[in-house]
Colleague: 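Can you read through this structure? Questions will come right after.
Given the structure is predicted, the values throughout are model-derived calculations rather than measurements. The sequence lines fix the lettering, A, B, ..., with proteins before strands; numbering per chain opens at 1. Computed from heavy atoms alone, side chains included, the values below leave out hydrogens, waters and symmetry copies.
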There are 2 protein chains.
Amino acid sequence: MPSPKDLQQSGLKVTMPRMKILEVFERHRESHLTADDVYRILVTDGLDIGLATVYRALTQFEQAGLLQKQNFESGKAVFELNRGDHHDHLVCLQCDRVVEFCDPEIEKKQAEIADKLGFRIQAHDLCLYADCIDQGCPHRPTQTVLSNLPR
Amino acid sequence: MPSPKDLQQSGLKVTMPRMKILEVFERHRESHLTADDVYRILVTDGLDIGLATVYRALTQFEQAGLLQKQNFESGKAVFELNRGDHHDHLVCLQCDRVVEFCDPEIEKKQAEIADKLGFRIQAHDLCLYADCIDQGCPHRPTQTVLSNLPR
DNA sequence: ATAGATGCAAATTGTTTGCAATCTA
DNA sequence: TAGATTGCAAACAATTTGCATCTAT
């Protein structure tokens, strides 16, 4: 349930299009959506919101820290709700399923490496591309499976 | 020095455009080049090779394992010679400098993670975005600095 | 000779922008 | 009401493709 506060705090006016777009992400907490995905969902919902507005909102929301943006190999950017936690992604090469994970050891090692090279790390992208081992891999559109790795 | 064999072995005909494109990468072993970078270099060299041909060649060379493709945040794909070794990248947020590194521990951990999630890892992208700590960071176009981390 | 390669222009795809009309604070 | 926001169409940037013409094998 997106609250108007989320927008106000970012200096963005509370408008219908923006609230509806946030709602879409609330209703799809497990997904990684492209601008077009969001646009289609809105259209399906019978809402008349332009694609350009979606793009503008996504950009603003990302800057405001409400959303996180990812660039997988697909060429299109995908967005997900910023749940505060940082995590990396594993994309299934069979069905495009996205599994999230986070490994503190890797995170630590990254900082050490940057440090050793004379840099202060600001961000990173880590994405694994892999094949399902188990049989039951449905060839379906993008879908997310949350997963917390033992630490 | 690109050898015709590199192309023949891939089932690609040895043509002037292809050889010249390979040469460009040989002459810029340290760089990460976009299709347009390659095209401009060729034009500068007085060669009349179409941009579409460059794109086609880059794709074919990547599939043939001669080049490696990277998608940084820039939106454009960059290519580099496949030197056999795997490595990850660190991009300087100030000057776009690209530093290469490889950390066996991270590699190992990645495989373990994929394994634990029920996947067999095929590939991965790891890119760190960071700020130079030291002063001498020139704001210049993309340029690569090779670096082997202690292992 | 012939399948494959090239150049050019036109087409695609994902994303951004100009602008007049329309809203929020 | 003033300044922000929206929708639409046009503009863009990166990459791909159709096709008639060449070229390596």
Colleague: What is the distance from CG of A:Leu47 to C1' of D:dT5, rounded to the nearest Å?
Modeller: 17 Å

Colleague: Separation of A:Arg56 atom CZ from C:dG14 atom C1', in whole Å?
Modeller: 15 Å

Colleague: From CD of A:Gln60 over to P of C:dT15, roughly how many Å is that when rounded to an integer?
Modeller: 16 Å

Colleague: Base, sugar-phosphate or nothing for B:Lys13? Non-hydrogen atoms, less than 4.0 Å.
Modeller: base

Colleague: Ignoring hydrogens and angles, state whether a donor on the side chain of B:His87 or B:Glu80 is under 3.5 Å from an acceptor on the partner side chain.
Modeller: yes

Colleague: Going by an N to O cut-off under 4.0 Å, is there a salt bridge joining B:Asp103 and A:Lys109?
Modeller: yes

Colleague: Without decimals, in angstroms, what is the distance between B:Leu12 CG and D:dT23 P?
Modeller: 18 Å

Colleague: Out of D:dA14, C:dC8, C:dT17, which has the shortest distance to the side chain of A:Ala52?
Modeller: C:dT17

Colleague: With heavy atoms under 4.0 Å as the rule, sort B:Asp36 into base, sugar-phosphate or nothing.
Modeller: nothing

Colleague: Mind calculating the distance between CG (A:Leu58) and P (D:dT5) to the nearest angstrom?
Modeller: 15 Å

Colleague: Would you mind telling me which residue lines up with the more 5' stretch of DNA chain D, A:Gly50 or B:Gly75, judged by nearest nucleotide?
Modeller: A:Gly50

Colleague: Expressed in angstrom and rounded to an integer, what is the separation of A:Gln8 atom CD from D:dA4 atom C1'?
Modeller: 14 Å

Colleague: Has A:Arg27 got more than 12 heavy atoms of other residues, nucleotides or ligands less than 6.0 Å from its CZ?
Modeller: yes

Colleague: List the atom of B:Ala35, the atom of B:Leu51, and the distance in Å for their closest heavy-atom pair.
Modeller: O-CD1, 4.1 Å

Colleague: Would you sort out whether A:His89 and B:His124 count as a ring pair (Phe, Tyr, Trp, His ring centres under 6.0 Å), showing the intermediate values?
Modeller: CA-CA 10 Å; A:His89 298 89; B:His124 75 262; over 10 Å; no

Colleague: Give me the residues of residues 14-24 of chain A where at least one heavy atom lies under 4.0 Å from an atom of DNA chain D, by number, or none.
Modeller: A:Thr15, A:Pro17, A:Arg18

Colleague: B:Lys76 has an atom NZ; how far is it from atom C1' of C:dT15, in whole Å?
Modeller: 15 Å

Colleague: Could you check whether the rings of B:Phe72 and B:His32 sit parallel, tilted or perpendicular, using 30° and 60° as the cut-offs?
Modeller: tilted

Colleague: Would you mind reading off the distance between B:Leu51 atom CG and D:dA14 atom C1', rounded to a whole angstrom?
Modeller: 9 Å

Colleague: Please check the phosphate of D:dT15 (OP1 and OP2 only) for any side-chain N or O of B:Tyr55 closer than 4.0 Å.
Modeller: yes

Colleague: Going through the checks in order, is the side chain to side chain donor-acceptor pair (under 3.5 Å) test met by A:His86 and A:Glu107?
Modeller: CA-CA 10 Å; A:His86 161 74; A:Glu107 303 286 318; 3.1 Å; yes

